[in-house]
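Given the structure is predicted, the values throughout are model-derived calculations rather than measurements.
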Amino acid sequence: MSAPVELVWDVQAELGEGPVWDAARDAIWFVDIKGRKLHRYTPRTDARASWDTPDQTGFALPAEDGTLVCGVRGGLHRFDPESGGFTLIQPVEPDRPQNRLNDGFVAPDGALWFGTMDDSEEQKSGALYRWAGGKLTRHDDGYGVTNGPCLSPDGATLYHHDTLEKTIYAFDHADGALSNKRRFGVTEDGYADGPSMDAAGVLHVGLFNGWGVARFSPAGERIGKIEAPVQTVTKAAFGGPDLRDLYLTTAWLGNADKRAAQPTLGGLFRVRVETPGLSQNLIAL
């Protein structure tokens, strides 16, 4: 089904997250949430670049004007790769100061979907939001650790996780509205972390402490696993010119005592897969 997983950047991220393919720059962006870093890897030249972030940052997603929108604790920021500057554009949850932003996704209509979570992972204060046309809307609430969301290829189903519950939820999705929340799957061999979707509708779910990436059919059946050389895969995202390079972010958070046995914990990995992913959408500003 796939080739061996290879290490492409031994970046040693404490909590690597949010890989996303930027076709215009031929590069993969990802963050180290706890390390407060934004990273960019360009596979064609093996170039690496890193920036400090203002606070813990859960995602950095490309926008239509060439900037990135970043989920920084306390709000959405625009990041300019040319200047390296961050600018607040949308406060998020000023009434929940214990929360931070986590994973994010861009829908085909240019809307940004993202989740929040209690930074201490003790309270179920996380929520699911949509940001479009300058308007922020809360669509679901009561999560321990949010991850996702992502959409099916036809856009009719939205998937979103509560990682602490090892549970993947599915919603009916139409015109930016959600309904019919239901349990889609459970990851018993690890915590359901960031999801991505391939062109055949197969959901790829990073397994925190599960040594790989779980694969689920559109019917919710567990149909396979991509094995990883380290135990904490936080998210897998499709990239490369043909979208058949699957990039895996990892973390040593919670497993510092395992670093001697797994010295590449926190690295960025890549594996070649047969079925391509979906093209990365750009945030409409």
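- Residues forming a ring-ring contact (aromatic ring centres under 6.0 Å, His included) with W21 (at least two apart in sequence, or on another chain): none.
- More than 12 heavy atoms of other shown residues, nucleotides or ligands fall within 6.0 angstrom of atom CG in D95.
- Between K166 and D193 there is no salt bridge, since none of the side-chain N atoms of the basic residue sits less than 4.0 Å from a carboxylate O of the acidic one.
- With 3.5 Å as the limit, one finds a donor-acceptor pair spanning the side chains of Y129 and R138.
- For residues 65-105, every residue pair satisfying the ring-ring contact (aromatic ring centres under 6.0 Å, His included) rule, not counting sequence neighbours, is listed here: W51-F79, F79-F86.
- With respect to D141 and R96, a salt bridge is recorded, a charged nitrogen being found less than 4.0 Å from a carboxylate O.
- W9 and H39 have perpendicular rings, their planes meeting at more than 60° on a 0 to 90° scale where under 30° would count as parallel.
- Note on D118 versus K124: no salt bridge recorded, every NZ/NE/NH1/NH2 to OD/OE distance being 4.0 Å or above.
- For Y169, there are no ring-ring contact (aromatic ring centres under 6.0 Å, His included) partners, not counting sequence neighbours.
- No side-chain donor-acceptor contact under 3.5 Å links R40 to the backbone of P81.
- The cationic atom of R48 (NZ for Lys, CZ for Arg) does not lie both less than 6.0 Å from the six-membered ring centre of Y41 and within 45° of the ring axis.
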Run the salt bridge (Lys or Arg N to Asp or Glu O under 4.0 Å) test on D26 and R44 for me, step by step, so that the C-alpha distance in whole Å, both residues' side-chain angles and the decisive distance to 0.1 Å come before the verdict.
CA-CA 8 Å; D26 191 32; R44 181 175 51 82; 3.4 Å; yes
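- Electrostatic pairing of D119 and R100 counts as a salt bridge here, judged by a charged N lying under 4.0 Å from a carboxylate O.
- Within a 6.0 Å radius of CZ in R259, more than 12 heavy atoms belonging to other residues, nucleotides or ligands are found.
- Using a 4.5 Å cut-off between side-chain heavy atoms of Ile, Leu, Val, Met, Phe, Trp and Tyr, with links allowed through other members, L112 and L38 fall into the same hydrophobic cluster.
- Ring-plane geometry between W113 and H139 is classed as tilted, the angle between the planes lying from 30 to 60 degrees on a 0 to 90 degree scale.
- Under a 4.0 Å N-O distance rule, the pair R36/E14 does not qualify as a salt bridge.
- The neighbour count for Q98 CD, taken as heavy atoms of other residues, nucleotides or ligands under 6.0 Å away, is above 12.
- A salt bridge is absent between D140 and R130: the closest approach of a Lys/Arg side-chain nitrogen to an acidic carboxylate oxygen does not fall below 4.0 angstrom.
- No salt bridge links D198 with R244; every basic N to acidic carboxylate O contact stays at or beyond 4.0 Å.
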